[in-house]
Amino acid sequence: MRLFVSEGAPGSLPVLAAARRAQGRAELLISTVGPEECVVPFLTQPKVPVLQLDNGNYLFSTSAICRYFFLLSGWEQDDLTNQWLEWEATELQPALSAALYYLVVQGKKGEDVLGPVRRALTHIDHSLSRRSCPFLAGETESLADIVLWGALYPLLQDPAYLPEELGALHSWFQTVSSQEPCQRAAETVLKQQGVLALRPYLQKQPQPSSLQGRAVSNEPEEEELATLSEEEIAMAVTAWEKGLGNLPPLRPPQNPVYSRLRQWNTLYLCGTDEYGTATETKAMEEGLTPQEICDKYHAIHADIYRWFNISFDIFGRTTTPQQTKITQDIFQRLFSRGFVLQDTVEQLRCEQCARFLADRFVEGVCPFCGYEEARGDQCDKCGKLINATELKKPQCKVCRSCPVVKSSQHLFLDLPKLEKRLEEWLENTLPGSDWTPNARFIIRSWLRDGLKPRCITRDLKWGTPVPLEGFEDKVFYVWFDATIGYLSITANYTDQWERWWKNPEQVSLYQFMAKDNVPFHGLVFPCSALGAEDNYTLVSHLIATEYLNYEDGKFSKSRGVGVFGDMAQDTGIPADIWRFYLLYIRPEGQDSAFSWTDMLLKNNSELLNNLGNFINRAGMFVSKFFGGYVPEMVLTSDDQRLLAHVTLELQHYHQLLEKVRIRDALRSILTISRHGNQYIQVNEPWKRIKGSEADRQRAGTVTGLAVNIAALLSVMLQPYMPTVSATIQAQLQLPPPACGILLTNFLCTLPAGHLIGTVSPLFQKLENDQIESLRQRFGGGQLEESLELKAKVSSKPAVGETVTATGPQQIQVLMDEVTKQGNIVRELKAQKADKNQVAAEVAKLLDLKKQLALAEGKPLETPKGKKKK
């Protein structure tokens, strides 16, 4: 083998470090060549590093060369490493290229350099911190460590660009950099010149596009569009000219989500899983029965989803007779086929609460990583599943006493016996599917460690009863029966439910969740369904997101940090703006963070100045210059080229959504509106309308084409911003057939002579003081401004009425607040502060005392006023 590297070529760093792994495994000759030397005969541009194999083939991808060396050394591939390599290529490299270009070629410093890569560096740091491992893929160095180290070293070897607050990243970088192969690679490539050694190489590279987000304006941008063939342009023009006649017959009106726009027969459902200890405990705290607590919170959740315009066909629940019937049937089929075991379980029982404790109501020290707040079923830090009895220093989460271990007879799903069936199903399902990489990794890691029997019963009263003699006093574990809720919710929606759930040949099942729910949807339920042998439909595409953080930390209800579902509608920001921003930052490939500042910027730039500005201008030109009627359009070659570019972006939008890349597809909408803004700005219809006949005709063509682009955008927006979409369609009087179908071609849906309605602005500017107020309000210190408190105080009791006491934790929080506020009042009075200021603080104190009285179940006394003289 022969490895070609070049001094000053960044890709040479990781391949030289990785080459050390192959020493002694194969004969390797390393040759240093100039950056302009063409090593690979069939490439038209110089490319280094390059590995020429003994059979004459060439590898010229940095990660591919490194992978080859690692495989020679006996390294075994794993999914987590592959995820890191994909992230390095798609996320890190574009950001890093921009940062290095700014630093080395343009001579920029500080935040100009660090800005493009800050988010990527934070992602690496958070991943290392969360896993508590010294390396990216585990306890030992992997291919991912060498590839990412080699990419980052030129920048991070300068301490100025390694942020001090990223401690885990700092430790990892120092550990890898200190290894001899990496030190030698750095000496060979950088020649003690540091990052400046890259200058000759980088000066010959094309200037990378900035990742900071260009300011949106109506001025034409220097944007390089895709090269189009004459055939592509001709096809786009042909589709455009067919117009509404190209639309298929419209199905009965359905809710506006993407699959329905494609006229696919779609069932969209969700629900609340309502059984288990969490429900029993919450009911006990609020003095309600479990059914009453479920009724209350199901209604609250349903209201939240209605406000957000989530268009479920049915939002159901698991506390139904259908749930009992279907769950018990699946269990009995599993039991009769020998897939259920019986065993004695050592369980934690709280003697003070006089009950066995469900896993999630035990907290202690993780036996694997030492995390001090691990739950009794899973550690949130290392992600490993654990049994409650394995926890060190266990505590009952309700009363904080130390539980004792007692025996109880339970039923287990025999996962080892079902493992082969699961693997065969996965082998047939995963290739060509849209399971997200994290979902694939989680399931494979379970299988790699070997499946173990999983307990499916609990010592509770609130749950689906176990239909087996000797187990009448037990119920099914919520995660055995919760995923069956999808079936029972469908059965409550239609008596044809089996045509959806026992029809795998004709039904594609998409499931969306956070990644911590993957094992139950991708493993436990499929095993149950496969073992039941009743032809159940199993998940075709399992879509799992990473975590969404809040500003620079995490969401926390207890600390009042973050905006939760029931709070969003009280911010004054419309639901569609929330939908847009949350989907814009959707954590599809890595963790992301909600930021008030970023939300303001995205609203004011992307929505107000880009999308809203274009759609409003297009409609206003029709109203102002052409009396509200779409003018005649005579397309020039430039117009036809625009049609083809819009069609290309529309098809890209479809491709992305079909692969469930929801966040990226949203950017296609914004790209089309940018094309539209540029088109209007370059052609200046407001000037041409005042000119010659030819100018007026040109103004008409530009206006007509622009308003048709606006109509297209209104349909593309339906899955993202349904209210805005409907508003645009009402303003443009878009024909009903065009509102409910989205084809892969851009059609003329507003022909000449079409009368539009009244046009008005779509979006409002978010102001700095408004956002700053919301940032402070949701940044901590809120007194239980959460879903549970809102439910509790939504209906105030009449004067003198006694209400049921709430839980001791809430009472203690209120007592602390009363004490704190009382001290504030006393200090103000001692300082003889302004009477109005004192009165305001006294009012706060009285309000807190009222809340405390309600929480303690005491009657509210009628305030005693002063007697009249």
Side-chain angles (χ1 to χ4, degrees), residues 1-40 43 45-54 57-75 77 81 84-85 88-89 92-93 96-97 99-100 104 124 135-137 140-158 162 172-202 204-205:
M1 294 186 297
R2 188 176 182 185
L3 176 64
F4 297 89
V5 296
S6 177
E7 295 175 6
S12 300
L13 276 166
V15 299
L16 284 171
R20 299 282 176 181
R21 301 281 298 235
Q23 280 188 336
R25 308 276 179 157
E27 187 176 339
L28 176 65
L29 174 64
I30 300 177
S31 301
T32 302
V33 298
E36 296 184 3
E37 187 170 338
C38 288
V39 177
V40 184
L43 292 182
Q45 298 294 325
K47 180 76 175 176
V48 282
V50 171
L51 179 64
Q52 183 179 11
L53 303 177
D54 292 335
N57 290 334
Y58 293 89
L59 298 178
F60 45 87
S61 157
T62 298
S63 61
I65 296 171
C66 293
R67 184 190 296 272
Y68 188 83
F69 287 141
F70 266 73
L71 289 172
L72 277 179
S73 70
W75 170 78
Q77 300 190 60
T81 295
W84 274 116
L85 295 181
E88 186 268 344
L92 178 60
Q93 277 297 342
L96 201 54
S97 297
L100 289 173
V104 178
I124 299 172
F135 297 101
L136 295 172
T140 57
E141 177 192 273
S142 73
L143 172 61
D145 297 289
I146 294 300
V147 171
L148 267 72
W149 170 84
L152 291 167
Y153 184 81
L155 182 67
L156 299 191
Q157 49 94 26
D158 183 346
L162 185 51
W172 167 82
F173 182 73
Q174 295 299 330
T175 299
V176 181
S177 298
S178 64
Q179 297 182 8
E180 184 184 1
C182 295
Q183 290 179 347
R184 290 193 178 184
E187 291 170 3
T188 301
V189 177
L190 301 185
K191 293 291 185 183
Q192 297 184 338
Q193 298 178 50
V195 74
L196 293 180
L198 306 184
R199 179 174 289 166
Y201 176 85
L202 293 176
K204 294 179 174 62
Q205 305 306 309

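For the numbers below, each heavy atom of this structure counts, side chains included, while hydrogens, waters and symmetry mates do not. Small disclaimer: the values here were computed from a predicted structure and weren't measured.
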Quiz item: Which pair of non-hydrogen atoms, one from L162 and one from Q174, has the smallest distance, and what is that distance?
Solution: CD2-NE2, 4.3 Å
Quiz prompt | side-chain contact (heavy atoms from CB on, under 4.5 Å) evaluation trace for Y153 with L190 | solution = CA-CA 10 Å; Y153 184 81; L190 301 185; 3.5 Å; yes
Quiz item: Are E141 and Q179 side-chain neighbours, meaning at least one heavy-atom pair lies under 4.5 Å?
Solution: yes
Practice problem: Indicate yes or no: at least one non-hydrogen side-chain atom of L152 is less than 4.5 angstrom from one of I124. | Solution: yes
Quiz item: Can you name the nearest heavy-atom pair linking L136 to A144, along with the distance?
Solution: CD1-O, 3.7 Å
Quiz item: Got L28 and I30 here, is their nearest side-chain heavy-atom distance under 4.5 Å?
Solution: yes
Quiz item: E27: what forms a salt bridge (Lys or Arg N to Asp or Glu O under 4.0 Å) with it, not counting sequence neighbours?
Solution: none
Quiz item: Which heavy atom of L51 sits nearest a heavy atom of F69, and at what distance?
Solution: CD1-CZ, 3.9 Å
Exercise. Write down the atom of C182, the atom of S177, and the distance for their closest heavy-atom approach.
Key: CB-O, 4.2 Å
Quiz prompt | F4 side, atom CZ; T32 side, atom OG1 - distance, nearest 0.5 Å | solution = 10.5 Å
Quiz item: Does S6 use its side chain to pair, donor to acceptor, with the backbone of V33 at less than 3.5 Å?
Solution: yes
Quiz prompt | From T81 atom OG1 to I146 atom CD1, the distance as rounded to the nearest 0.5 Å | solution = 11.5 Å
Practice problem: For S61, check side chain to side chain donor-acceptor pair (under 3.5 Å) against everything at least two apart and list the hits. | Solution: S63
Quiz item: How would you list, by chain and number, every residue that makes a side chain to side chain donor-acceptor pair (under 3.5 Å) with W84, sequence neighbours excluded?
Solution: none
Quiz item: Got a second to check how far E180's CD is from Q183's CD, nearest 0.5 Å?
Solution: 7.5 Å
Quiz prompt | salt bridge (Lys or Arg N to Asp or Glu O under 4.0 Å) involving R2 - partner list, sequence neighbours excluded | solution = none
Quiz item: Roughly how far, to the nearest 0.5 Å, is the CG atom of L155 from the CG atom of L100?
Solution: 5.5 Å
Quiz item: Listed by chain and number, what are the side chain to side chain contact (heavy atoms under 4.5 Å, CB included) partners of Q93, not counting sequence neighbours?
Solution: E88, S97, A151
Quiz prompt | Smallest separation among heavy atoms of P14 and T62, with atom names | solution = CG-CG2, 3.4 Å
Self-check item: Nearest-0.5 Å distance that lies between atom CZ in F135 and atom CH2 in W172
Solution: 10.0 Å
Quiz prompt | For the student: nearest non-hydrogen atoms of S12 and V189, plus distance | solution = CB-CG2, 3.7 Å
Quiz item: Any donor and acceptor pair, going by atom type alone, linking the side chain of Q157 with main-chain N or O of P154 inside 3.5 Å?
Solution: yes
Practice problem: With sequence neighbours left out, write down each residue that passes side chain to side chain donor-acceptor pair (under 3.5 Å) with S73, or none if nothing qualifies. | Solution: none
Practice problem: Any chance you could lay out the side-chain contact (heavy atoms from CB on, under 4.5 Å) test for L143 and L85, step after step, and finish with the verdict? | Solution: CA-CA 9 Å; L143 172 61; L85 295 181; 3.5 Å; yes
